[in-house]
Amino acid sequence: MKNLYKQRGMSLGGVIFLTILVVFTGLLLVKMSGHYFDQYTLKKMIQSSLEGQTASGFSESEFVARLDKNMQINGIDINLKNDLTYDKRKSPPVLVIDYEKREHLFLNIDVVMSFHQEYEL
């Protein structure tokens, strides 16, 4: 009698599945990382612009102009008129940025990334 050993390793189906999984994960990483990097850059721009400003000395139009200029330099495409709100009614006034980005992956599959950030003055 021969000893029959189970074959070790992955089958062709397993290799194909693993390859598809790695390619899909790489595609997600490449397509989405730019928007998250833009969010990180925007956060740093806002924090540096708000340094040293108080609620009484805050000029919304000057801040929006400075932020718009920095966004143009960095190539960030966000509509500040719709996505940026300044709430003066709260105890410390709050600057809120709330927007979403859509990225087409393939066929009819899109990824929607929603960003919401609040900054106190």
Side-chain angles (χ1 to χ4, degrees):
M1 281 229 55
K2 292 183 179 178
N3 285 337
L4 299 175
Y5 292 100
K6 187 175 182 180
Q7 188 177 14
R8 293 184 179 180
M10 287 185 8
S11 67
L12 182 61
V15 171
I16 291 172
F17 176 73
L18 186 62
T19 304
I20 290 172
L21 187 66
V22 168
V23 167
F24 181 72
T25 304
L27 181 66
L28 281 177
L29 181 69
V30 168
K31 293 273 191 164
M32 294 172 58
S33 63
H35 297 295
Y36 282 102
F37 182 72
D38 287 349
Q39 169 64 17
Y40 175 76
T41 305
L42 184 64
K43 181 179 177 181
K44 291 297 179 187
M45 285 190 296
I46 291 172
Q47 287 174 345
S48 67
S49 296
L50 290 178
E51 277 182 5
Q53 288 196 8
T54 60
S56 60
F58 181 77
S59 169
E60 186 177 359
S61 60
E62 179 184 319
F63 174 77
V64 169
R66 185 181 318 151
L67 190 60
D68 191 39
K69 179 182 171 188
N70 286 337
M71 286 174 37
Q72 286 178 352
I73 290 171
N74 289 309
I76 299 173
D77 183 31
I78 298 172
N79 187 358
L80 290 179
K81 292 179 182 175
N82 296 334
D83 302 331
L84 179 84
T85 57
Y86 178 57
D87 190 4
K88 299 175 187 175
R89 290 174 283 168
K90 293 191 176 180
S91 176
V94 175
L95 185 70
V96 179
I97 291 195
D98 189 18
Y99 67 99
E100 66 180 32
K101 289 289 188 174
R102 294 177 185 267
E103 186 67 42
H104 175 73
L105 286 182
F106 56 89
L107 299 176
N108 64 345
I109 299 175
D110 292 341
V111 174
V112 177
M113 295 162 279
S114 179
F115 299 99
H116 179 85
Q117 196 74 24
E118 295 185 5
Y119 302 93
E120 290 182 0
L121 298 178

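Below, all heavy atoms of this structure are taken into account, side chains as well, without hydrogens, waters or symmetry copies. Note that the structure is a prediction, hence the values are computed from the model and not measured.
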* **Closest non-hydrogen atom pair, Gln47 against Tyr119** =>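 For Gln47 versus Tyr119, the nearest heavy atoms are CG-CE2, 4.2 Å.
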* How close do Val94 and Val96 get, heavy atom to heavy atom, and via which atoms? ->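 Heavy atoms of Val94 and Val96 come nearest at CG1-CG2, 3.6 Å.
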* Met32 vs Val111 side-chain heavy atoms within contact, under 4.5 Å ->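 Yes, at least one pair of side-chain atoms sits under 4.5 Å.
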* Asked: Do the side chains of Met113 and Tyr99 get nearer than 4.5 Å, heavy atoms only?
  ->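 A side-chain contact is absent here, since even the closest heavy-atom pair is not under 4.5 Å.
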* To do: Please list all pairs passing the salt bridge (charged side-chain N to carboxylate O under 4.0 Å, His left out) test where one or both residues lie in residues 78-88, with sequence neighbours left out.
  =>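 Matches after skipping sequence neighbours: Asp87-Arg89.
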* To do: Decide side chain to side chain contact (heavy atoms under 4.5 Å, CB included) for Asp38 and Met71; before the verdict, give the C-alpha distance in whole Å, the side-chain angles of both, and the deciding distance to 0.1 Å.
  => CA-CA 9 Å; Asp38 287 349; Met71 286 174 37; over 6 Å; no
Between atom [atom1] of [X] and atom [atom2] of [Y], what is the distance when rounded to the nearest 0.5 Å?
X	Y	atom1	atom2	result
Gln39	His116	CD	NE2	10.5 Å
Ile109	Leu28	CD1	CG	9.5 Å
Leu18	Met10	CG	CE	4.5 Å
Leu42	Ile78	CG	CD1	4.5 Å

* Is there a path of hydrophobic side-chain contacts, each under 4.5 Å between heavy atoms of I, L, V, M, F, W or Y residues, that connects Leu27 with Ile16? ->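 Unlinked, Leu27 and Ile16 end up in two clusters.
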* **Single hit among Leu95, Leu80, Asp68 for side chain to side chain contact (heavy atoms under 4.5 Å, CB included) with Phe63** =>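 Going through the options one by one, the only one that passes is Leu95.
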* Asked: With sequence neighbours excluded, what pairs up with Asn74 under the side chain to side chain donor-acceptor pair (under 3.5 Å) test?
  ->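 Scan of Asn74 (side chain to side chain donor-acceptor pair (under 3.5 Å), adjacent residues dropped) gives none.
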* Looking at residues at least two apart in the chain, or sitting in another chain, which of them share a side chain to side chain donor-acceptor pair (under 3.5 Å) with Gln117? ->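 For Gln117 there are no side chain to side chain donor-acceptor pair (under 3.5 Å) partners, ignoring immediate neighbours.
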* **Salt bridge present between Glu100 and Arg102 (N-O < 4.0 angstrom)** =>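 Yes, this pair counts.
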* To do: Write out all pairs satisfying ring-ring contact (aromatic ring centres under 6.0 Å, His included) with one or both partners inside residues 9-47, taking only residues at least two apart or from two chains.
  =>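 Qualifying pairs, neighbours excluded: Tyr36-Phe115.
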* To do: State which residues pass salt bridge (Lys or Arg N to Asp or Glu O under 4.0 Å) with Glu120; sequence neighbours excluded, sorted by chain then number.
  =>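 Glu120 satisfies salt bridge (Lys or Arg N to Asp or Glu O under 4.0 Å) with no other residue.
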* Qualifying residues under salt bridge (Lys or Arg N to Asp or Glu O under 4.0 Å), relative to Glu62, sequence neighbours excluded ->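 Testing Glu62 for salt bridge (Lys or Arg N to Asp or Glu O under 4.0 Å), a comparison that skips the adjacent residues, returns Arg66.
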* Decide side chain to side chain contact (heavy atoms under 4.5 Å, CB included) for Leu67 and Ile46; before the verdict, give the C-alpha distance in whole Å, the side-chain angles of both, and the deciding distance to 0.1 Å. => CA-CA 7 Å; Leu67 190 60; Ile46 291 172; 3.8 Å; yes
* To do: Please indicate whether Asp77 has more than 12 foreign heavy atoms, meaning atoms of other residues, nucleotides or ligands, lying under 6.0 Å from its CG.
  =>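 Count not over threshold, so no.
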* Are the side chain of Lys31 and the backbone N or O of His104 linked by a donor-acceptor pair below 3.5 Å? ->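 Yes.
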